Amino acid sequence: MKQKPKHLASFLIMAQNQAPSSSSSFISKYSYDVFLSFRGEDTRFGFTGNLYSALSQRGIFTFIDDEALRKGEEITPSLRRAIQKSRISIIVFSKNYASSTFCLDELLQIIECHTKQNMWILPVFFDVDPSHVRHQRGSYREAFAKHEGERFKDNVEKVQQWRLALRHAADLSGLHFKTGEEYESEMMRKITEVISTKLNRPPLHIADYPVGLKVRMQQIEKLMGEIVRQQSTLPHKRNRLWLYEDIVCVLEKNMENDKVEAMMLDMPEHQEMQCNRKLLGKMKNLQMILIEKQVGFLRSPTALPNTMRVLEWSGYPATSLPSNFNSKNLVILNLSHSYFGWNKPLENSKVLRQLILIGCKNIRRIPDMSGFPNLTELRVGECTNLIEIHDSVGSLLNLQTFCAEGCTKLTIGPSRIKLISLEHLCLRDCSSLVMFPEVLAPMQKLKHVDLEGTAIKNLPLSMQNLEGLQKLSLGKCNMLEINESSNFFQKLHMLFPNLAELYLRDLDITILPACIKECNSLKFLHVTNCKKLQEIRGLPSSINEFSAANSPVKANSLTLKLRQAIHSAAIRMFLLPGRKIPKLFDHSSRGDSLCFWFRKQLPSLAVCVIIGIWDNVKPPFIAWFNFYVKLNDIYTCVSCFGCGNIIWTTEDSHIIILNRQNDFQHPLNSDIQRALLTNEWIPGKIMLRIEPQNDSSRLGKIKKTGVYVNRTFSRMEDVRFEDPYAPNKASTMENKLVLLGEAPDIQQQQQSSSFFNRTTPLEPAVGEQPSYTVDSNNQDGAFLDDQPILVPSFAEMQNGKAQKEMSALISEVSIEFTAQSREIDSTESQSRKVEEEEAGLETQNQFKSTMVLQNQIDQRLTRIRKMKEDLGEKLSGMKADISAIEANHSSIKSNISAIKAIISADSEDLQRTSQASRPGDVRMPRALAMSACLSRPGDVRMPRALAMSACLSRPGDVRMPRALAIVTNMGDDENAVRFGILGCANISIKLCKAINKAPNTKLHALGSRSVEKAKTFATEHNLPKTVKIYGTYESVLEDDEVDAVYIPLPTGLHVTWAVRAAERRKHVLLEKPAAMSVAELDRILEACEAHGVQFMDGTMWMHHPRTAKMKEALSDAQRFGQLKWIHTCLTYNPGPEFLKSNIRVKADLDGLGALGDTGWYCIRAILWAVDYELPKSVLAFPGAILNEEGVIISCASSMHWEDGRSATFHCSFLSYVTFDVTVLGTKGCLRLHDFALPFEENLGYATFLEASELDYGKIEPGMWCPKPNEHVVETEFSQEVWMVKEFADLVQKVKACEMKPQKSWPVLSRKTQLVLDAVKESIHKGYQPVQILS
């Protein structure tokens, strides 16, 4: 069915609005739904014009007066009638509203209708404070002063009526719009929602393929017939004409008419009629014409009424509008699929919002559009003879949608664009277009760019101005180089940092490079029909849906990526070509269902299906995944998941992977809940169904189903794929190998390697790093049956026993590995034979028995493959550990020497102690005593010196094998510092990860202003299930189990919540800047000291191992000399939207702006370099930039010490990303360009440059000797983890009463705040020097 015009909604809503009830013959007295009252000079061509368009699109019949009606000083009778015949009035109060006596009289009339006939009023305060309207302040005070002092000085009563009317209207519930703080389109949505609700009108959607729409239209047509006949028995006296017969009646009379305001004509087939071509021009009040299809009897109208606001005429029969028609009042012009040729320019108009000319084959050029500044929608799709679009289209500042889809001859478009309001740009199938325009300004609102099927050759660098782009379609862009050599993927995350959807179908891509992982916002990635695609090297962790349908890439080559994607919890659907279940999956069976058994909890499962060839169906498809639990012989569905809009070519088999993460029905059936508590095995079943999205009666044939147990959320030992209660189940050892989870007994543990067990993730092959989440009770080590793995003694390692034992084990595993490999080959051979015989057996009715055999072989093959995979990974891991042990041999010897020295010293201590002790006392050596005191009952600990050597080695030292290091650093969950976080700011993400990675901390609670927000944050960032979720900050502080809180709230809230936290004896880790002023910080520090809690600010780079190494370099007087000068710089340019709405630029939230955000780092770096000695004075440089609220967004300053040292820094939200520190001494220089955020920290190291001993007089051109030294500092953790760990160390010592809260950190924060305050003071004093007083 052909889609109806969108303004058909106006007529349908009239039917809802005016339909008589069954018990009454009521006839509506209203002609309009809404009357718009506004100050024309302020908002006619902007806010109010857009509002009128939005209301009209929603089908809300709205009166907006013509400029001609306002030329007098008093409202006209026709305008008064329009107010009286309106159901609702929207009053747009703007800055100059009260200066117009016309507006004030109009307001009096509206208030009268409000009190007498119950008119509903919605006041909208456009860039004006409601209190100014209510109490006549600001511009309203000035306007009334003028009225009272001039024309109305003798008419006080009139003025008083206006004042009372303003107060009356302003007291009503309304909406407040502030330019720059909210999108105008969002305000339009709010207003239309409010009005629709008041009119009791839900949005009416006319679907492309509606079920029963024909019947629905017939019902509405019948209803409309009743409505319009109630207005009058004579059609020409009705204001809206809907029925064909009534329209014919009016047109045949060929008379002038001032009653009809709106008319919709849908010409029945085989109907003909003759009428005057001038007739429409005689309908003086006609404002809306909707003509559904070409109407033969209305040939080329020679006249149209100038009152026309909406003209939608599909198949318009002329190449231009009538010459005497004044089109400047048109708000919507839609002449799609017509003869319109645009040979004559349209009259310039400031009110035209929508221009829709789809399928007009006579249009060859789009002319100058600069005369339509408020146009919001321009559609010229399918204009197949369109060649050129004028440059002016690129400068339409209010344009929101531009579509030229299918303009196959279009070769010339705007060369430059500055469409700051554009939201959707479609150039799909413009197959002759070779150039994308230069983007002259940030276009943050543009969300979707569709270039599919164009001949564009390259994407200009200026596309980085499309800062808000979320969806990019580049399919079939065969002239565009999108491959590894073109650097397209390398630049993608920099050009479009917010890109969420990328569609690259039918392209010659051969490799999807690893750098695609940098696109951290990407959720949908489609590379369908890329026939040359051979390798996928990486996928973003954020990916939600990935499709490589109809490409040659192999699923088994993606095993690691699939596992990572499933474990990341982000992935929802994978689509790949293939005929076999990938090896990653734990179990598979033929058909569309699979049975399993589970206990303790419902397992988190990813499923995989093989869908075969499917004839005579077309995409899109929808896949359904149902999870059933069987209790008392009854199956209950606990999860149902549907994934729609799946597209692939059904000519070959494909693999569909659906990932469902712990999303079960809540609450669970009580019987299921009880069964989970029994620890008994519970039968489960998954069933899958795939069908065309528009035809659920046709089901696709699912050949195989596979399942993978997500180890992030579920324990593999709690899931089985064989009936655990079957009498003839396999041997115990075989079951354990199949389940990958049953731990061997203690004797077996002693015979096998101490480093590995089947309950922990095994070390992957070289180059692979699977993402596992370790159980929170076992974060730093591996456990078997809740018993710690004990470290072999150093003596065993030193004399080679460990190597011998491991070599013997490797030999044993290798023999088993070879045997299992042969068995796999044999089993696979049997499997192939079965498949070869399958076709013949089908014709002999023997397929059923073959299926039984195939299932048995499949199950056996699955078990053996899993054994092979496990044994292979263990073998690789063991070999790696042997290499590590051998590499550590020399280090071991030196450590033994160190131990001997300590033992010798302890022996001397023991001898001296023995002499001083009482008879019979036996004392332990000092090192062993400490080890014994700190261990738990039953633990066997390493001597203190050995542990120190193993765990605290410096960067560059030879390290212990990974397995040993894990055991040595095992955290004690009972003693871990339990963190609570106040708020879900973005910075919290880093700290959540750091808390989970630090060996001595645990994330215990998260609080936000609403439970929903906190839950969403926890889900999106995969927080452990044990984290408590609270809907208030106070609840976190009231949790007695919380030891410490991290506070990332806006700076303006720091003093409130940090003090409250201290009062509840929570240790405080406070995001920088610490406070709005040193006075506020003193309140925080006093509270922390009074209640005995540790304080630290969140300056993370201070805790990086590199920082200590740099300090060593600065302290070397021989190489560095005396410090003379320091410069620091930290800047970034987050864009206009940030500068408008981010909390960092709001005076009441983060009033320190860039000075507090980036300047804090700069000041701290300077103080660090001078050993935290405060400068004598601070002088801000002229030229600081402040926003309208007085918040600093860019500034620079100098500092001066009494001994002649000086420093400068620059901080800004307006410059390119820079993180520089330079420290100059008399003999050397230290530099780094990433001081606050190391470049390559994730690779395990950070660097800095240090230069000295360079003689300037001996420098030759092109040759420095010596060159600056690049120091590489290895690090086990990120700087965030180091910060959390160091803070937790202090907290643990305070809790254990080993020390009082350390005061050095509060002192550093206070000194930083003092300097920051002085810089701010210098700026506000006109860049005068400010003395620092501690």
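What you see is a predicted model; the values in this text were computed from it and never measured. All values below come from the heavy atoms of this structure, side chains included, with hydrogens, waters and symmetry mates left out.
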Query raised in the report: Around atom CD of Glu1188, are there more than 12 heavy atoms of other residues, nucleotides or ligands at under 6.0 Å?
Result: no
Query raised in the report: With a 6.0 Å cut-off on ring centres, are Phe47 and Phe177 close enough?
Result: yes
Report task. State, to 0.1 Å, how close Arg167 and Gln136 come at their nearest heavy-atom pair, and which atoms those are. Result -> N-NE2, 4.4 Å
Requested in this report: Apply side chain to side chain contact (heavy atoms under 4.5 Å, CB included) to Arg240 and Met264, showing your working.
Outcome: CA-CA 8 Å; Arg240 298 171 179 85; Met264 177 178 176; over 6 Å; no
Query - Plane angle bin for Phe61 and Tyr32 - parallel if under 30°, tilted between 30 and 60°, otherwise perpendicular - result: parallel
**Report entry** Atom of Val1011, atom of Ile1029 and distance for their closest heavy-atom approach
**Finding:** O-CG2, 4.1 Å
Report task. Measure from the side-chain N and O atoms of Ser100 to the backbone N and O of Cys103, and report whether any donor-acceptor pair falls under 3.5 Å. Result -> yes
Requested in this report: Flag the pair Ile64 / Arg309 as yes when at least one side-chain heavy-atom distance between them is below 4.5 Å, and no otherwise.
Outcome: yes
**Report entry** Any donor-acceptor N/O pair, His135 side chain to Pro130 backbone, under 3.5 Å
**Finding:** no
**Report entry** From CA spacing to verdict: salt bridge (Lys or Arg N to Asp or Glu O under 4.0 Å), Arg134, Asp171
**Finding:** CA-CA 7 Å; Arg134 184 178 297 111; Asp171 282 340; 2.8 Å; yes
Report task. Measure across Phe93 and Ala169 and return the closest heavy-atom pair with its distance rounded to 0.1 Å. Result -> CZ-CB, 3.7 Å
Requested in this report: Report the C-alpha separation of Met308 and Leu286 in whole Å, then their side-chain angles, then the decisive distance to 0.1 Å, and conclude whether the side chain to side chain contact (heavy atoms under 4.5 Å, CB included) test is met.
Outcome: CA-CA 6 Å; Met308 194 73 66; Leu286 188 63; 4.0 Å; yes
Query - Approximate separation, where rounding is to 0.5 Å, of Phe125 CZ and Ile91 CD1 - result: 8.5 Å
Query raised in the report: Do Asp42 and Val92 have side chains that get closer than 4.5 Å, going by heavy atoms?
Result: no
**Report entry** Lys1146 atom NZ, over 12 foreign heavy atoms within 6.0 Å
**Finding:** yes
Query raised in the report: Can you tell me if Asn306 uses its side chain to pair, donor with acceptor, with the backbone of Asn326 under 3.5 Å?
Result: yes
Query raised in the report: Under a 4.5 Å cut-off applied to non-hydrogen side-chain atoms, are Leu335 and Leu321 in contact?
Result: yes
Requested in this report: Indicate yes or no for a side-chain donor-acceptor contact from His114 to the backbone of Met119 under 3.5 Å, with no hydrogens or angles considered.
Outcome: yes
Requested in this report: Taking all heavy atoms of Leu422 and all of Leu425, pick out the closest pair and write down the distance.
Outcome: CD2-CB, 3.9 Å
Query raised in the report: Roughly how far, to the nearest 0.5 Å, is the CD1 atom of Ile90 from the OG1 atom of Thr48?
Result: 9.5 Å
Query raised in the report: Ile110 versus Ile83: any side-chain heavy-atom pair under 4.5 Å?
Result: yes
**Report entry** Shortest non-hydrogen contact from Arg353 toward Arg44
**Finding:** NH2-O, 3.8 Å
Query raised in the report: Between Pro305 and Lys284, is any pair of side-chain heavy atoms under 4.5 Å apart?
Result: no
Query raised in the report: Hey, does Phe126 have a side-chain heavy atom less than 4.5 Å from the side chain of Tyr97?
Result: no
Report task. Taking Ser336 for its side chain and Asn334 for its backbone only, find out whether a donor-acceptor pair lies under 3.5 Å. Result -> no
**Report entry** CG-CD distance between Leu104 and Gln161, expressed to the nearest 0.5 angstrom
**Finding:** 11.0 Å
Query raised in the report: If you round to the nearest 0.5 Å, how far is NZ of Lys447 from NE2 of His424?
Result: 14.0 Å
Query raised in the report: Heavy atoms, side chains only, cut-off 4.5 Å: are Ser185 and Glu423 in contact?
Result: yes
Query raised in the report: Do Asn96 and Glu41 have side-chain atoms, one donor and one acceptor, less than 3.5 Å apart?
Result: no
Query raised in the report: Can you find a pair of side-chain heavy atoms, one from Tyr52 and one from Val351, that are under 4.5 Å apart?
Result: no
Query raised in the report: Is it the case that more than 12 heavy atoms not belonging to Arg1009 sit under 6.0 Å from its CZ atom?
Result: no
Query raised in the report: Is Glu1012 paired with Lys1015 through a side-chain N to carboxylate O contact shorter than 4.0 Å?
Result: no
Requested in this report: To the nearest 0.5 Å, tell me how far Ser421 OG sits from Asn50 CG.
Outcome: 8.5 Å
Report task. Could you tell me the separation between the CE atom of Met187 and the CG atom of Leu175, rounded to the nearest 0.5 Å? Result -> 5.0 Å
Query raised in the report: Does Ser1010 reach the main-chain N or O of Lys1013 with its side chain, forming a donor-acceptor pair under 3.5 Å?
Result: yes
Requested in this report: Search all heavy atoms of Ser99 against all heavy atoms of His147 and return the closest pair with its distance.
Outcome: O-CE1, 3.6 Å
Requested in this report: Show the numbers, then the answer: is there a side chain to side chain contact (heavy atoms under 4.5 Å, CB included) between Leu333 and Leu346?
Outcome: CA-CA 11 Å; Leu333 176 60; Leu346 297 173; 4.0 Å; yes
Query raised in the report: Would you call Lys158 and Asp105 a salt bridge, taking side-chain N to carboxylate O under 4.0 Å as the test?
Result: yes
Requested in this report: Determine yes or no for a side-chain-to-main-chain donor-acceptor pair under 3.5 angstrom, with Asn374 supplying the side chain and Asn398 the backbone.
Outcome: no
Requested in this report: Could you tell me whether the side chain of Thr115 and the main chain of Glu112 form a donor-acceptor pair under 3.5 Å?
Outcome: yes
Query - Lys/Arg-Asp/Glu bridge criterion (N-O < 4.0 Å) met for Glu405, Arg379 - result: no
Query raised in the report: When you look at Glu1137 and Lys1140, which way does the salt bridge (Lys or Arg N to Asp or Glu O under 4.0 Å) test go after all the steps?
Result: CA-CA 5 Å; Glu1137 189 59 35; Lys1140 288 181 181 178; 5.2 Å; no
Query raised in the report: Any chance NZ of Lys259 has more than 12 other-residue heavy atoms, nucleotides or ligands included, within less than 6.0 Å?
Result: no
**Report entry** Evaluation steps, side chain to side chain contact (heavy atoms under 4.5 Å, CB included), between Val124 and Phe38
**Finding:** CA-CA 10 Å; Val124 177; Phe38 60 98; over 6 Å; no
